[in-house]
There are 2 protein chains.
Amino acid sequence: MSEKVTIYDIAREAEVSVSTVSRILTGNAPVNPETKQKVEAVLKKYDFRPNRAARNLSNQRSTMIGVILPDITNPFFSTLFAEMQHYAIAKDYSLLLFNAMNSLELESEGLAYLSRHQVDGLIFLGGRVNEITPPAAYQQEIAEVSAKVPTIIVNGTMPDVDAVTVCTDEQSGIAQVVDYLTALGHTRIGLLGGSDHITVTRNRQHAFREEMARLDLGVNESWLITDGFSIESGEKVLEALLQLPEQPTAVIAINDLVALGILKSARRHHIDIPNQLSVVGFDDVYLAAVSTPELTSVSHNYESFGHTIVETIVNRIKGKDVPTSIMIDMQLVIRDSCQSPTVR
Amino acid sequence: MSEKVTIYDIAREAEVSVSTVSRILTGNAPVNPETKQKVEAVLKKYDFRPNRAARNLSNQRSTMIGVILPDITNPFFSTLFAEMQHYAIAKDYSLLLFNAMNSLELESEGLAYLSRHQVDGLIFLGGRVNEITPPAAYQQEIAEVSAKVPTIIVNGTMPDVDAVTVCTDEQSGIAQVVDYLTALGHTRIGLLGGSDHITVTRNRQHAFREEMARLDLGVNESWLITDGFSIESGEKVLEALLQLPEQPTAVIAINDLVALGILKSARRHHIDIPNQLSVVGFDDVYLAAVSTPELTSVSHNYESFGHTIVETIVNRIKGKDVPTSIMIDMQLVIRDSCQSPTVR
DNA sequence: TAAGCCTTCGAAACCGCTTTCAGATTGTCA
DNA sequence: TGACAATCTGAAAGCGGTTTCGAAGGCTTA
């Protein structure tokens with residue numbers, strides 16, 4: 001605390017004016033190489049770091065990007081967040097996280113929190129933006145904030161909101177799974193988990209119906225059962241499936257947690273996976289690789305996913321042109337939870 | 001962007017001086033109720049929020065607390081972080097997270113990152129501070145930063161560093177487990193997972209030996225196998241155990257992930273849990289409740305754990321007296337992964 | 001050698017808020 | 001009614017940077 005070095009001190013010691021020091025610091029004005037060297041020596045001597053608050057005040061920006069997500073405990077979000085943060089820091093931005101604890105209401109507090117911080121950009125990962133018909137008040141809030149600060153919405157949309165959307169290519173992801181399963185010989189396929197009011201769920205269901213139709217396979221609507229996104233949901237959804245008179249030979253889970261729930265429930269019912277039932281997950285969370293059996297899943301490339309998000313928001317912040325909608329591709333990762341259907 | 005309301009605008013419209021407005025905003029000086037009401041009306045009219053950068057600059061603080069942790073993907077850390085953040089916001093502080101991606105080296109970058117942000121406080125969760133003998137350079141770095149900003153270290157220590165430590169009560173946690181297992185009839189108990197150079201591991205091993213000794217039970221040192229903290233480690237460690245001529249009837253895992261790995265590996269070897277082997281985990285992460293069988297584990301009360309951490313750092317920031325070391329208690333949560341040893 | 005241009009530098013204003021310090025107002029008590 | 005204290009208010013000086021604007025100096029060119 002003894003030292004409180006400012007650019008004035010630097011300037012005095014280097015025998016130049018503060019503006020020269022500032023020019024060197026920001027690098028946006030030419031300065032004589034000799035003076036520059038001289039000043040830089042002093043800078044180094046004191047290990048000088050410009051005061052962030054002062055700089056922010058002067059620049060009218062914070063170089064912080066706000067992130068609102070529903071649950072940092074969910075490996076999908078935490079993995080993605082980690083990648084985003086890594087890349088953001090490399091680009092000299094900071095990520096300020098707000099974890100909404102699975103409460104859509106709490107997101108309002110998050111919005112207030114982040115705008116109090118005057119973030120330069122805002123990223124929505126799931127939550128409200130994933131609701132198919134969000135309450136008007138929520139939409140209004142997001143519309144207001146996105147009018148002021150560059151906003152991007154991941155895997156969701158908000159009508160009448162000025163935001164770039166970054167979406168994973170459900171279409172292709174589902175198609176890959178269906179093609180894989182049918183290649184194994186499956187024709188009776190279910191899609192389990194998710195919620196009817198969530199965009200991602202609807203998109204995947206839609207893609208599923210389309211791909212099945214394309215292959216001239218029927219879809220049994222009673223095999224599309226929604227119940228949420230958790231491991232518990234997965235358990236319940238398999239229970240429900242087992243009540244039906246007929247069962248599929250393969251099921252696609254809306255995400256890996258649901259798939260893990262299905263695995264757990266199947267174990268309890270002595271259903272051998274993949275022998276009696278093939279299961280594929282979605283998101284390829286790190287848990288997929290450690291379950292028994294290891295889960296075949298549709299993977300995001302988290303690294304490039306995260307980078308794309310950050311790249312996009314940074315470009316928007318800098319006023320560069322950015323496409324209003326970006327697609328992230330997904331890839332099937334084959335492990336041990338599927339095999340050809342056994343003839344019974 | 002049209003509106004750029006400052007306290008000058010507010011002052012003008014309310015026909016008072018800026019200092020009066022400021023006094024109302026900060027609340028640290030008396031102001032006439034009538035004027036106050038008048039000003040507050042204007043404040044509300046414009047939905048005025050004081051500029052954070054300006055306020056920080058003037059106050060010489062950021063009201064941000066930095067958090068360095070090794071892996072936000074690990075449910076222990078993400079759960080704890082979520083609680084911390086929730087409480088911090090309630091106390092008008094913000095948490096700035098740095099995820100070190102399991103790299104001790106990267107933590108240096110994190111330190112630089114957070115001090116660039118001029119955080120008012122710093123929290124270390126795991127990582128370097130958990131190393132029994134950290135490289136001198138690391139220690140030096142932390143010593144320097146902790147000399148400048150209030151620091152707290154969770155579940156670890158750093159010699160010669162001015163920081164408050166908040167630790168979970170391993171002693172009691174282990175004792176509860178051992179007592180529970182012995183009450184079930186176990187006498188042959190192992191402790192699996194963790195790393196020899198990590199404080200928490202050593203503490204738990206120490207506590208384990210003590211409690212066993214207290215109960216006049218011997219500990220078989222070959223049943224203390226370390227291999228890391230991941231699910232994979234759990235698998236490996238059980239494999240190793242199975243190579244031994246004699247096996248325990250119960251094992252304590254260093255954390256839940258290792259326990260899950262043990263479960264997975266046991267399944268492969270057709271070892272029935274808990275029938276042939278009792279397993280207990282540590283940390284009581286949400287995955288513990290959804291494994292098969294559901295895992296008996298030693299639980300932190302994450303809520304009060306997180307609150308205590310934040311409370312402590314805030315008190316230190318405010319200059320209040322704070323004990324230099326705080327203990328958090330743990331509690332055994334009994335589920336389905338243990339039973340009395342079967343006579344063979 | 002003088003005129004003109006380009007490069008580099010410094011003084012000063014500004015970003016928006018907090019706080020000190022002194023002055024104005026009101027109230028209290030003798 | 002006057003003196004004094006207690007409250008409340010306003011002007012102005014920071015906080016630590018960035019940036020504009022004008023001036024000084026060096027160089028080229030006629």
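The sequence lines fix the lettering, A, B, ..., with proteins before strands; numbering per chain opens at 1. These values consider heavy atoms only, across backbone and side chains, with no hydrogens, waters or symmetry-generated copies.
OP1 or OP2 of dG16(D) has not a single side-chain nitrogen or oxygen of Thr6(A) nearer than 4.0 Å.
With contacts defined as side-chain heavy-atom distances shorter than 4.5 Å, the pair Asp92(A)/Thr63(A) does not qualify. Side-chain contact between Glu303(A) and His307(A) is present, with heavy atoms from C-beta onward closer than 4.5 Å.
In this structure a side-chain-to-backbone donor-acceptor pair under 3.5 Å is missing from Gln118(B) to Asn51(A).
Scanning DNA chain C 5' to 3' for nucleotides with an atom closer than 4.0 angstrom to a non-hydrogen atom of chain B gives a first and last hit of dG16(C) to dT20(C).
Phe124(B) pairs with exactly one of Ile152(B), Val154(B), Leu111(B), Val161(B) by the side chain to side chain contact (heavy atoms under 4.5 Å, CB included) rule, that one being Leu111(B).
Side-chain atoms of Ser108(B) and Arg128(B) include a donor-acceptor pair closer than 3.5 Å. Side chains of Glu13(B) and Tyr46(B): a donor-acceptor N/O pair is present below 3.5 angstrom, by distance only.
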Sugar-phosphate means primed atoms, P, OP1 and OP2; the rest is base. With that split, encode nucleotides 4-12 of chain D 5' to 3' as B, S or - using protein heavy atoms under 4.0 Å. ----SBBB-

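Applying the side chain to side chain donor-acceptor pair (under 3.5 Å) test to pairs two or more places apart or on separate chains, those with a residue in residues 151-168 of chain A are Asn155(A)-Thr168(A), Thr168(A)-Glu170(A).
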Please assess Tyr87(A) against Glu311(A) for the test side chain to side chain donor-acceptor pair (under 3.5 Å), listing each intermediate value before the final yes or no. CA-CA 8 Å; Tyr87(A) 192 62; Glu311(A) 188 79 41; 2.4 Å; yes

Just list the side-chain donor-acceptor pairs under 3.5 Å for residues 65-77 of chain B, sequence neighbours left out, or say none.
unit_1, atom_1, unit_2, atom_2, d
Asp71(B), OD1, Thr73(B), N, 3.0
Asn74(B), OD1, Phe76(B), N, 2.8

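Within residues 48-66 of chain A, the residues having any heavy atom closer than 4.0 Å to DNA chain C are, in order of number, Leu57(A), Ser58(A), Gln60(A).
For Asn130(B), the side-chain contact (heavy atoms from CB on, under 4.5 Å) criterion is met by Ile198(B), Thr199(B), Val200(B), not counting sequence neighbours.
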